[in-house]
There are 2 protein chains.
Amino acid sequence: MPFQEAQTGLMAVLGDRLSRSKSDLDQHGRSETHFPLTPPEAVAYPETTAEVAAILQTCAAARCPVVGWGAGTSLEGHGLAVQGGIAVDFSRMDRVLEIRPEDMVAVVQPGVTREALNHELRATGLFFPVDPGANATLGGMAATRASGTTAVRYGTMAENVLALEVVLASGAVIRTGSGARKASNGYDLTRLLIGSEGTLGLITELTLKLQGQPEAVAAATCAFPAMGDAVDCVIATIQAGLPMARIEFVDGPTVAAVNAYAGADFPVMPHLLVEFHGSQSSVAADARFFGELVSDMNGQAFRWAEKAEDRNALWQMRHHAYWAILASRKGARAIVTDMCVPISRLAEAVEITAQDIAAAGLEGPILGHVGDGNFHAILLIDPDDAQEKARAKHIADTMAERALAFGGTITGEHGVGMGKLHMMAAEHGPAWGVMADLKAALDPLNILNPGKVVRRANSG
Amino acid sequence: MPFQEAQTGLMAVLGDRLSRSKSDLDQHGRSETHFPLTPPEAVAYPETTAEVAAILQTCAAARCPVVGWGAGTSLEGHGLAVQGGIAVDFSRMDRVLEIRPEDMVAVVQPGVTREALNHELRATGLFFPVDPGANATLGGMAATRASGTTAVRYGTMAENVLALEVVLASGAVIRTGSGARKASNGYDLTRLLIGSEGTLGLITELTLKLQGQPEAVAAATCAFPAMGDAVDCVIATIQAGLPMARIEFVDGPTVAAVNAYAGADFPVMPHLLVEFHGSQSSVAADARFFGELVSDMNGQAFRWAEKAEDRNALWQMRHHAYWAILASRKGARAIVTDMCVPISRLAEAVEITAQDIAAAGLEGPILGHVGDGNFHAILLIDPDDAQEKARAKHIADTMAERALAFGGTITGEHGVGMGKLHMMAAEHGPAWGVMADLKAALDPLNILNPGKVVRRANSG
């Protein structure tokens, strides 16, 4: 039993920061969505990189699986210890180590959440832009290549991490990247580790790019008779080079759920929600120009706002969407799935998906990041109805298959985890084998989050 | 002899497109800079991915080294066959395969040059923004992670390639990435291959992100009493969120060389050269705002222009710089080196470098991409003076060491090639060993551009 073999060594490293309490194990065996409780055998709470290195040395010797844990907000069960072993919870490595305003850089430990970092940055005039919705840890966001509503302007975690400190499966500590904004200095290990879901190393420090807080923010919303018109409007907006900070869409059923939940009266039609960042004059000009495009594309109910409270009122549709949808059916839980296609195929993909969901007798409002071609269906299920759950999972698979048929990807931002592993061969073909080769090279004993991203025998 | 073993097989694949003429070999053994002539044993001119795969199968069986070749414009000798073997010249794979304006994407073969692509895109309202100066091939630019003057706005090749088709050392063909703008679908093989300098695979197709041609372009130049003032101005500009498309600097000696070469009369002081892309109103507003920052930071001689001929006159300093510097000393050649630091250290790095160059009795004007903290010294040498060449190479090493001491990288955009390999251990520490592990996993026989990026025994 690998964990039992590692236990004494781990206790020597961590003392009472190696927990085996049932509540701790359960808390680290749960996911935000529908995966069954999968508790690890222990939870480690390291406080330093040296402790993480010692944990990995100990676990490598015992061939005990090691799974990183941030805030537990991932949607595909990335952090579940499917082959046993320990969870390494980074909540005690939560310090902002350095802020360098001139370089627009922050150095943080992996357990810092994005909200905590932005709170710390308040007085600097800077902010960290990646916003996946949940208040995830920055280590977890890097490990899962998180993105969200602002990716259309600021990129995903892949574009916003300059450097990492990482503990490898052997316990060796490496640094990737540097404080330079760009480099052509060999293989891009930073980008290889970002999105590797804890299977190649554990991130113990991140150097992040920051952005200047915009002088002004403007928001706009508008409704369209059909998704196709909304997408045409977005394509025109992007081609015109309008620098949108966010551009989201919600479908009619999402609007209906928000109206019921928040007592609002938005027209029950597809909507676009846009945000512009810039100077007072540039955001006003951008919003005006966007308004013209909207009316060219059959849009209606165009509203825009610069004041924070008015912006929040406009954006309540997006902010409330998930909870409004959940509340629209009593006792429901959700299977939240994710796909990403070239934007020219987006309208078609959303429309077919909505038809599929209706044909399966399910409710599943659709919303997403239209500028990236990325959208989500919130498939409502009765958690006690195995048949309904199976139908919803089938819809999720159909969506992933369609993403591939349309030249896109099975997941734009939610990641592989447990929910998309069975689709990896279809997406990558022989390149999936290359991923397994890389995994074998960096983690020959297969102790780092085994059973995720690649499929290979546990050589332990 | 590996090549002799491979020769018959290669001729069966390529016929007379396997060349052994002396002029061909010499042409593929030369670099733009100071490296000695290092011809390969043959030059292959494949026309299809299947031929590239057959070349690699044949060479793997014979353990014959294979080195990719684009336009031969790299500055660090990336394409030189230092362990013999064949050059694979992609000039016959030069078709633009597809342009999808709605998705702002082009699919190209690796031998297409960036100018050829932009020529093809003229009528679409789109362009490909990465501009390293030379008219390099897009395959070569991806393989070396090229960037250049527009990276501050549009990113490097790492941010502008969505997907690749790649032939691995075994001859297997894989596809990485997709038509989706973002993905969290496993290891980022696209980014691992970009910048791998032909050591992990040969790129046979690229899917590139395009940008909308800006409605308006404005350029501005200004002079500063010292580099520190110029850099402070850039920091203020970036923090204010002004969206510069290019922001370059040249030092006083560069200005003097340009004045002499082009009959201009710019003040012999450090200059900033800026370009803004956007709408008519936004570029005018941006240029005005930049002018205010310039005067706050002791800048002078501020000029700006929107018309193309006026812009070109302003930018002649940058466009002519390399040739003006070469012409400033009769018969000179140049060692062009490259480093990249956090912007807060840039002024200091440039000033110390200028002092080092002067103390070594060399001429070496300095210019670069100030928004990225990336700069170049054009170290002039008499090609027949071995001592002077040695002094210049020593300066280049000193610059690389200083880049590391300042928290930066030994190369921001020129790459490792032959010129920076000896600095890789100092830059990466144990992470360099991880690169060697990845290389061994993907190219176990070490046939792909052996002797570059990583250092390991040729297992063949």
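Order of the sequence lines fixes the chain letters, A, B, ..., with proteins taken first and strands second; residue numbering starts at 1 for each chain.
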Flag, side chain of [X] to backbone of [Y], donor-acceptor distance under 3.5 Å:
X	Y	result
B:R145	A:G186	yes
B:D103	A:S344	yes
B:Q239	A:P101	yes
B:E215	A:G241	no

Engaged part of [X] at the chain A interface, taking heavy atoms whose separation is under 4.5 Å:
X	answer
B:V105	neither
B:L162	neither
B:V416	both
B:A151	side chain
B:P430	both

Side chain, backbone, both or neither of [X] within contact of chain B (heavy atoms, under 4.5 Å):
X	value
A:K420	neither
A:A172	neither
A:D372	both
A:V173	backbone
A:L442	side chain
A:H369	side chain
A:L346	neither
A:M424	side chain

(message) For the interface with chain A, which of B:L200, B:L192, B:L421, B:N374 has the highest count of heavy-atom pairs at distances below 4.5 Å?
(response)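 If we count pairs closer than 4.5 Å to chain A, B:L200 comes out on top.
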(request) Could you tell me which of B:T199, B:T190, B:L210 has the largest number of non-hydrogen atom pairs under 4.5 Å with chain A? (result)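 Heavy-atom pairs under 4.5 Å are most numerous for B:T199.
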Distance, nearest 0.5 Å, that separates [atom1] of [X] from [atom2] of [Y]:
X	Y	atom1	atom2	answer
B:E102	A:I238	CD	CD1	11.0 Å
A:D286	B:S279	CG	OG	7.5 Å
A:E413	B:K182	CD	NZ	4.0 Å

(message) Under the criterion salt bridge (Lys or Arg N to Asp or Glu O under 4.0 Å), I'd like the reasoning laid out for B:D188 against A:R191: C-alpha separation, chi angles, the key distance, then a yes or no.
(response) CA-CA 7 Å; B:D188 191 342; A:R191 254 80 171 252; 6.0 Å; no
(message) Shorter than 4.5 Å, heavy atoms on both sides: which option in A:L189, A:D338, A:T156 has the most such pairs with chain B?
(response)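 Ranked by heavy-atom pairs under 4.5 Å with chain B, first place is A:L189.
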(message) Testing A:V454, A:V434, A:I194 one by one against B:Y187 for a side chain to side chain contact (heavy atoms under 4.5 Å, CB included), which residue passes?
(response) A:V454
(request) Could you walk me through whether A:H428 and B:N185 pass the side-chain contact (heavy atoms from CB on, under 4.5 Å) test, one step at a time? (result) CA-CA 9 Å; A:H428 297 289; B:N185 58 359; 3.6 Å; yes
